[in-house]
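Here is the structure we will look at.
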Amino acid sequence: MAQSSDSTGYADVVVPEDAKLLLAANELTYDRDSERVIAAGAVQINYAGYQMVARKVEYNQKTGRVLASGNIELVEPGGNRIYAETLDVTDNFADGFVKSLRIETTDNTRMAAESGERVAGTEMILHKGVYTACLPCAEDPKRPPIWQVKAEKVIQNGQKHTVRLEKARFQLFGRTLAVLPFIEVPDNTVKRKTGFLFPEMRTSENLGFGLAVPYYIAIANDRDATITTTGYTSQGVLLEGEYRQRFEKGTVTLRAAGISQLNSDNFTAGTSDAKRDQRGMVASKGDFQINPRWSFGWDVMLQSDNNFARTYDLAGLDQSTHTNQVYLTGIGKRNYFDARAFYFDVQDADSDSTAEKKQPTVLPSIDYSYYAPEPVAGGELSARMNFTTLSRFKQDEESVDTNGDDIDDLMRYRGLEGTMSRMTGEVEWKRSFTVPGGLQLTPLLAARGDAFGLDMNNPTGYAGEYNSDATATRAMLTAGLEARYPILMTTANSTHIIEPIAQIYARNNEQLAGMLPNEDAQSFVFDATSLFERDKFSGYDRVEGGTRANIGVQYTGSFDNGFGLRGIFGQSYHLAGQNSFATDDLVYAGANSGLETDVSDYVAMAGVDMPNGVSLSTSVRLDEKTLELRRTDAAISYSNKRLQSELVFTQLDAQPEYGFTNDNQAVQTSHTLKVNEYWSVFGSLTYDIDDNVFSRRSIGLSYADECTILTVAFSDKYDPDAEVASDWTIAGRLTFRTLGDIRLGSSE
């Protein structure tokens, strides 16, 4: 058996001793005296996975060497290609010399040199070599690539699977930017290799300039780790570690970070950033697919104070609120199960963590739904269940001035201190059928029950009536009917569907309305998308009672020229019983919603899609008496191969009882322009019309080709109620394929 190694660092190629050689040439000469075989003219050789073409090939049987010349192209078993003028190697391709060579690997890495030699079947040594991952310029192949590394010696090691560039000069657009004693990178056969990654630069107002140096450790095929040391000019050295392991059915990540701040007084006095010198965190994330139906996982973080991860921009942990959770989910053909526990880590500069203490700890929230596999009385039978237990360490209350006289006259309780448990179960049956004439009818029957366990402090100063008992129950029975009458109209070049819709739901009144805690039904928006919902509350803690009718019309139109139209218009009517939206609860959830009166506000939605890439949409809520705008959401977007653009306008009337005492109008816009094949610019703005201030701004530039990615962005934000490490950031990323990244801040 003979062994050899290809020139790109693949493992040794085993060449059987009885391997057959296939040779084709215009002329073949055999010299018996010197034992030489000479092939000339369009020579082609196939041997043990190697394929070579050349003008002339001479094989010396005595020395076992092959000498080739003239436009040589050698394709190795791994798929890499070597181009050369002359080639002098042993007959197993293990050792030899090459002149004027060029190498192209399977991942488009390119190397060139004046000469090269293969040693012991394990190394390829190039003299005066050039290394790059960029394609040559199609218009001028002699032009230098975007980046390249010139080296006195390039050594490819087939055992270590590395490419070492000695006395290296890194060049960008043909200009030398750095001179290094050596650069060592993995070859194209390696996906992971222990070593230093490219450094990352960061900067912010209170941290100063930071240089992060990551060190990657390839522990095993299923495990690796990264240790990052970041030096900040103002705060000292931040150490980060991340360990990752892959299992047969999932992955686990463990992270830790810490710093001893040198200048904590750079931060605003009294904030959590300024009060503690020794800061750190530990975090873990896991995701497991137990079997095709069941999955399990977690995402948790524990930190020394409430703002460390956000201040130091720890990727994936720097949200304004980090949601710690553990979950178990099962999905079947006809049922669904989900159990989750939550802890909300509010990351702000408040050293007392007031906002975090007001957040509930959910242990747990369980959802289950089931759909009967067979029709029941010709219809669909379904059931759902929810069980929630939560605790809060501090009462979340808010005083509101509803009259504009600078006197707080209303208290809202977004959460009470203590523990609440609720069990909800509901069964629903519905059947759809079409009567002669095309009218579609869907009758519905539903029954729901709730049971509460309450160990919460009473809301002192609450204007309404509150249930102070340790337990409470309520029940809801619903009978409903929906009627739809789709009308299809066609012309020579268009199709239109007009569909009047009417619903009526008869129910008993909501029991204990406004007398129970409201944790998960605090926020909802009455608009065209929720007009035909049976229960418009967003969660389980409130339930819509009384008799209500929803009436509207839906339209869809399409034209042969590519235009598309869509729209909804309607209104809701409270017919009998108690109006749940007019019944105050601890958070005044129904106040100013447009549903608190017997005749609701009008809601409408319209949209236009044009063949030129323009899309317009708007959703409005109009006062039922004056037709004044109460809420507006409008958007216009444009998209083609070069430009992605969007403009969004939002208008919302003041909702004093709900806690929003002022009108709110804002404009958001974002744009991405592709200047040419490689360059793009992007930016976004958020403008608060009422406060006359830009609350968010960003602008950036990006470049991307097959070997280089560059992104640079500037962003700032205005939030008078928040104290953070900095209001502006500069982010950048420069990636050289096969070499690594240079980062400035976070470009994500």
Side-chain angles (χ1 to χ4, degrees), residues 9-11 107 159-162 184-200 202 212-230 237-259 279-304 308-310 312-319 321-331 337-345 347 363-364 733 735 737-743 746-748:
Y10 281 103
D107 68 342
Q159 293 179 334
K160 296 180 179 179
H161 298 282
T162 59
E184 187 169 282
V185 297
D187 67 23
N188 65 299
T189 67
V190 176
K191 295 182 179 179
R192 307 180 308 151
K193 186 172 180 62
T194 297
F196 286 100
L197 305 179
F198 261 62
E200 173 183 347
R202 305 170 180 174
V213 180
Y215 185 78
Y216 177 79
I217 305 171
I219 302 171
N221 290 334
D222 60 344
R223 287 166 291 171
D224 61 10
T226 304
I227 298 174
T228 304
T229 303
T230 305
V237 178
L238 172 71
L239 292 177
E240 300 176 68
E242 182 173 355
Y243 171 83
R244 298 165 292 268
Q245 182 163 358
R246 189 168 55 243
F247 299 89
E248 182 180 354
K249 295 183 179 295
T251 60
V252 170
T253 301
L254 300 174
R255 297 179 63 181
I259 190 173
R279 306 178 70 184
M281 74 88 201
V282 292
S284 178
K285 186 175 183 181
D287 293 289
F288 288 88
Q289 191 71 36
I290 302 172
N291 57 40
R293 294 188 176 185
W294 288 93
S295 60
F296 168 73
W298 66 86
D299 183 356
V300 296
M301 176 178 67
L302 177 66
Q303 52 184 343
S304 58
F308 171 69
R310 187 167 175 81
Y312 284 91
D313 195 25
L314 302 184
L317 301 173
D318 57 350
Q319 311 93 333
T321 299
H322 180 77
T323 302
N324 296 273
Q325 64 173 311
V326 180
Y327 70 89
L328 174 66
T329 300
I331 302 176
F337 175 89
D338 184 83
R340 293 175 186 263
F342 296 97
Y343 181 84
F344 301 99
D345 190 346
Q347 302 195 76
L363 295 169
R733 178 187 178 192
T735 300
R737 188 172 69 86
T738 73
L739 292 183
D741 292 345
I742 298 176
R743 293 174 181 259
S746 173
S747 60
E748 300 301 327

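Residue indices begin at 1 and follow the sequence shown. A quick note: this is a predicted structure, and the numbers were derived from the prediction, not measured.
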Review point. If we only count heavy atoms from C-beta on, is the H322 to Q303 side-chain gap below 4.5 Å?
Key: no
Check your understanding: Parallel, tilted or perpendicular for F196 and Y215, by the 30°/60° rule?
Key -> perpendicular
Point to revise | Any T323 side-chain heavy atom under 4.5 Å of D299 side chain | key: no
Practice item. List the atom of K249, the atom of I290, and the distance in Å for their closest heavy-atom pair. Key: CD-O, 3.3 Å
Review point. Just checking, any donor-acceptor pair under 3.5 angstrom between side chains of R255 and T253?
Key: no
**Study point:** Student check: side-chain heavy atoms of D222 and Q245 closer than 4.5 Å
**Key:** yes
Exercise for review: Drop me the distance from R310's CZ to L317's CG, to the nearest 0.5 angstrom.
Suggested key: 12.0 Å
Study note, to complete from the structure: Between the CZ atom in F344 and the OG1 atom in T321, the distance rounded to the nearest 0.5 Å is 8.5 Å
Study note, to complete from the structure: Minimal heavy-atom distance between A341 and L363, with the atoms involved, is CB-CD2, 3.6 Å
Check your understanding: Which word best sums up how the rings of Y312 and F308 line up, parallel for under 30°, tilted for 30 to 60°, or perpendicular for over 60°?
Key -> tilted
Exercise for review: Could you grab the distance from atom NZ of K285 to atom CZ of R244, nearest 0.5 Å is fine?
Suggested key: 13.0 Å
Review point. Any side-chain heavy-atom pair from E242 and T228 closer than 4.5 angstrom?
Key: no
Practice item. Side-chain contact test, heavy atoms from C-beta onward, threshold under 4.5 Å: evaluate it for R223 versus I217 and give yes or no. Key: no
**Study point:** Chi angles and distances behind the side chain to side chain donor-acceptor pair (under 3.5 Å) call for D338, T329
**Key:** CA-CA 4 Å; D338 184 83; T329 300; 2.6 Å; yes
Exercise for review: Report the C-alpha distance between T230 and I259 in whole Å, list the side-chain angles of each, state the deciding distance to 0.1 Å, and finish with yes or no for side-chain contact (heavy atoms from CB on, under 4.5 Å).
Suggested key: CA-CA 10 Å; T230 305; I259 190 173; over 6 Å; no
Check your understanding: Is the number of heavy atoms from other residues, nucleotides or ligands within 6.0 Å of CG (N221) greater than 12?
Key -> no
Review point. With side chains defined as the heavy atoms from C-beta onward, is the minimum distance between M301 and Q347 less than 4.5 Å?
Key: yes
**Study point:** Nearest non-hydrogen partners of T251 and F288, listed with the distance
**Key:** O-CE1, 3.9 Å
Point to revise | Rounded distance (nearest 0.5 Å) linking atom CD1 of I331 with atom CZ of F337 | key: 12.5 Å
Review point. Per the side chain to side chain contact (heavy atoms under 4.5 Å, CB included) rule, which among I227, T226, I219 passes with Y243?
Key: I219
Review point. Which is it for Y327 and F342 under the side-chain contact (heavy atoms from CB on, under 4.5 Å) test, yes or no, and what are the steps along the way?
Key: CA-CA 9 Å; Y327 70 89; F342 296 97; over 6 Å; no
